[in-house]
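In this text the structure is predicted, and so the values were computed from the model without any measurement.
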Amino acid sequence: MATVREWHIDPVAFERDYLKPIHRVGTITSTLIFLALFLPSIWLYFITGVFPDWQTILTGFGLAMTYAIPFYISEPIAYYPIVGNAGWYLCGTIGNGSNLRVPCAAVAQEVAGVKEGTMEGELVAAVGVTVSVFVSVPAIFFGALLINQIQQFFPAWLMDAFNRFLLPAVFGSVWGQFILRGWKYAPFAFVLALVPILYKVHSAWALVICVLGTMVVGWAMLRFLKIEA
Amino acid sequence: MDWKEVANGLWIWICGGITSGLGLYMAYYFYKRAISFMHNSGVPKEETRSMVRGAVITAIGPVLSNIFIMIALAVAISPGLAFQREGVGVGSVFTELVQASNAAIAAGEKFGDPSFTIKGFAAAVFIMNIAGWGWAVEAIFTRYLGKAREKLTGGDPKLLAVIAACSMVAVFSYYSVSNAIKGNGFLVAVVVSLLSSMFLFKLADWMKRPHFKEWALGIAMFVGMIAGKLYAG
């Protein structure tokens, strides 16, 4: 980052005029989105009279949770410090944290020249994440509506490139940006990422090891060597 | 009743519209709050416009990718369910397909098989949706994440900054390394996009053109993606 900007933000006003209403609306809307998760099944039942029995629900839920629970633990630890409160409400309910919300928050912070983990960083991350929602939700709607036209319009090689290589490229490019900002932690983060992968640790736990391990290193550097972020 | 007769009905588009509408409303409210607070704190409008431009440019690639990958889900189940799950859905397309398969297994059927019935479809709709309950619940309790962080750091701004910086580097180290280790085009995509991004961000600093940073991630990810594809063929 070239220059770190610090705006004159009143912490009391930040709490009263920004955080409080964000939490109020975020809690209510997230609850409504949670309830809306059940709507398709209820509606389908009224149309067809078919609803999965408890045995199916419990078995399917159990299988789903073996995959999801580790990510329920790892993702808030990993993303919340970057995207902040507004960003986490949206990551939790709308998803696509690593490939879309966090990169948009990061680039907005970079453009603004503010530091993550501060009040300025929280506000700018909110702008980055919300704008990504304004782009992604309508685009997904039209994408689903025009699926046949899309398949005809884009050449197969380009769609293959997107399907296979965009995600690693998103991760690589955001990593590059973050290495410039937190280069002193990068070698530790690299080793802490590589070792669990080589030992074939479950991906969500490997992410926890990498993130918490790097945080401990950062804490130790600050505590014992007085090295700040 | 054949499950394909109902799979893309108006009902599922309306369900998707409701969750998308809620998500968009929440995002709009947060956006207005953040922008007006920044303007009231003296941040010039040109700066906030620049943040928005940067986020829009960065979002284009991942969103296009989501649409292309969504085709697999739309073809496998229905465009309506794909929209309902992906518009404001928590899971990736891969996760959704795994959950649909899990649901079919639980219903004693096989997803993608001609014998797949409305019973399997109903199970898939239910399981795909509730599989994301944990993230939605975590979102509901976001305020406690902030309190937990305050408690852990004692509110020390230096430690808060360290935690955020470490988190940023670590998250993308992990995702990048786990992709790069697959070798071939994946390694090329990660390395080329990494170097391109570092170069472009540095270039913006050297040229003293901060607005160039709005384009840096968007360009770097496209360059990396094309390099990966060209290498892998």
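- Heavy atoms of B:Y175 lying under 4.5 Å from chain A belong to its backbone as well as its side chain.
- Using a 4.5 Å cut-off between heavy atoms, B:R149 contacts chain A through its side chain alone, with no backbone atom that close.
- In terms of non-hydrogen atom pairs under 4.5 Å with chain A, the most contact-rich of B:I127, B:I18, B:I118, B:N40 is B:I127.
- Of all non-hydrogen atoms in B:A131 and A:M65, the two that sit nearest each other are O-CE, 3.7 Å.
- Among the candidates B:W133, B:Y28, B:F121, the residue making the largest number of heavy-atom pairs closer than 4.5 Å to chain A is B:W133.
- For B:P79 against A:I147, the heavy-atom pair with the smallest separation is CG-CG2, 4.5 Å.
- In this structure, the portion of B:I12 lying under 4.5 Å from any heavy atom of chain A is its side chain and not its backbone.
- A:G172 approaches B:S193 most closely through the heavy-atom pair CA-OG, 3.4 Å.
- B:S196 does not touch chain A: none of its heavy atoms, backbone or side chain, sits under 4.5 Å away.
- Contacts between B:Y25 and chain A at a heavy-atom distance below 4.5 Å involve the side chain alone, from C-beta outward.
- For the pair B:M26 and A:I33, the minimum side-chain heavy-atom distance is below 4.5 Å.
- Here the side chain of B:Y174 pairs a donor or acceptor atom with the backbone of A:S203 at under 3.5 angstrom.
- Ring geometry for B:W11 against A:W43 counts as tilted: the plane angle lies between 30° and 60°, on a 0 to 90° scale.
- Between A:F154 and B:F68, the angle of the ring planes goes over 60°, which puts this pair in the perpendicular group of the 30/60° scheme.
- For A:Y89, the ring pair (Phe, Tyr, Trp, His ring centres under 6.0 Å) partners two or more places apart in sequence, or in a different chain, are A:H23, B:F30.
- In this structure, the portion of B:Y29 lying under 4.5 Å from any heavy atom of chain A is its side chain and not its backbone.
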Query - Trace of the side chain to side chain contact (heavy atoms under 4.5 Å, CB included) decision for A:T48 with B:W3 - result: CA-CA 9 Å; A:T48 63; B:W3 69 276; over 6 Å; no
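- Ranked by heavy-atom pairs under 4.5 Å with chain B, the first of A:G176, A:A106, A:G143 is A:G176.
- Ranking B:V169, B:T142, B:V162, B:N129 against chain A, the residue ahead of the rest is B:T142, based on heavy-atom pairs under 4.5 Å.
- Looking only at heavy-atom pairs under 4.5 Å with chain B, the residue among A:P196, A:A126, A:G26 that has the most is A:G26.
- Atom NZ of B:K158 has 12 or fewer heavy atoms from other residues, nucleotides or ligands within 6.0 Å.
- Using a 4.5 Å cut-off between heavy atoms, B:N179 contacts chain A through its side chain alone, with no backbone atom that close.
- The two residues B:I67 and A:A139 make their nearest non-hydrogen contact at CD1-O, 3.4 Å.
- Residue B:A107 touches chain A through both its backbone and its side chain, counting heavy-atom pairs closer than 4.5 Å.
- Using a 4.5 Å cut-off between heavy atoms, B:I226 contacts chain A through its side chain alone, with no backbone atom that close.
- Taking the six-membered ring where tryptophan is involved, the planes of B:F37 and A:Y18 are tilted, since the angle between them lies from 30° to 60°.
- Only the side chain of B:V6 has a heavy atom closer than 4.5 Å to any heavy atom of chain A.
- Interface remark: of the candidates B:M198, B:E5, B:R53, B:M128, B:M198 forms the most heavy-atom pairs closer than 4.5 Å to chain A.
- For the residue pair A:A36 and B:T19, the shortest heavy atom distance occurs at CB-CG2, 3.4 Å.
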**Report entry** Test side chain to side chain contact (heavy atoms under 4.5 Å, CB included) applied to A:E120 and B:S41, step by step
**Finding:** CA-CA 10 Å; A:E120 293 90 337; B:S41 302; over 6 Å; no
Report task. Just do the side chain to side chain contact (heavy atoms under 4.5 Å, CB included) check on A:F142 and B:F83 with the steps written out, would you? Result -> CA-CA 9 Å; A:F142 287 110; B:F83 163 62; over 6 Å; no
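- In this structure, A:V102 and B:V171 have side chains that are not in contact, with every pair of non-hydrogen atoms separated by 4.5 Å or more.
- For the options A:I227, A:I57, A:L32, heavy-atom pairs under 4.5 Å to chain B are most numerous at A:I57.
- Residues passing the ring pair (Phe, Tyr, Trp, His ring centres under 6.0 Å) test with B:F186, sequence neighbours excluded: A:F165.
- Contact annotation for A:W183: neither backbone nor side-chain heavy atoms come within less than 4.5 Å of a heavy atom of chain B.
- Interface remark: B:M38 contributes side-chain atoms only to the contact with chain A (heavy atom separation under 4.5 Å).
- Heavy-atom pairs under 4.5 Å with chain B were tallied for A:P81, A:A78, A:P138; the largest tally goes to A:P81.
- Atoms CG and NZ, from A:D53 and B:K119 in turn, are 6.5 Å apart once rounded to the nearest 0.5 Å.
- Each of B:G54, B:G224, B:A104, B:A34 has some count of heavy-atom pairs under 4.5 Å with chain A, and the biggest count is that of B:A34.
- Among B:L159, B:L160, B:V188, the residue making the largest number of heavy-atom pairs under 4.5 Å with chain A is B:L159.
- Heavy-atom distances place both the backbone and the side chain of B:I140 under 4.5 Å from chain A.
- B:I163 touches chain A through backbone and side chain together, each having a heavy atom under 4.5 Å away.
- In this structure, CZ in A:R164 is found 10.5 Å from NZ in B:K182, a value given to the nearest 0.5 Å.
- Heavy-atom distances place the side chain of B:I181, and not its backbone, under 4.5 Å from chain A.
- A 4.5 Å side-chain heavy-atom check between A:T93 and B:W135 finds every atom pair outside the cut-off.
- Counting only heavy atoms from C-beta outward, the side chains of B:N66 and A:N99 approach each other to under 4.5 Å.
- In this structure, chain B has heavy atoms under 4.5 Å from both the backbone and the side chain of A:A13.
- Residues B:F126 and A:F51 place their aromatic rings such that the two centres sit under 6.0 Å apart.
- When A:S132, A:G121, A:C210, A:G84 are compared by the number of non-hydrogen pairs under 4.5 Å with chain B, A:C210 comes out ahead.
- Looking at every heavy atom in both residues, B:A220 comes nearest to A:S173 through CB-CB, 3.7 Å.
- Put simply, the side chain of B:T58 never gets that close to the backbone of A:C104: no donor and acceptor are under 3.5 Å apart.
- Contact tally against chain B (heavy-atom pairs below 4.5 Å) for A:L123, A:T59, A:L19: the top residue is A:L123.
- With a 6.0 Å radius and a threshold of 12 heavy atoms from other residues, nucleotides or ligands, A:Q151 has its CD atom above the threshold.
- Atoms CZ and CE, on A:F171 and B:M221 in that order, are 10.5 Å from each other to the nearest 0.5 Å.
- By the neighbour-count criterion of 12 heavy atoms within 6.0 Å, atom CZ of A:F38 is densely surrounded, having more than that number from other residues, nucleotides or ligands.
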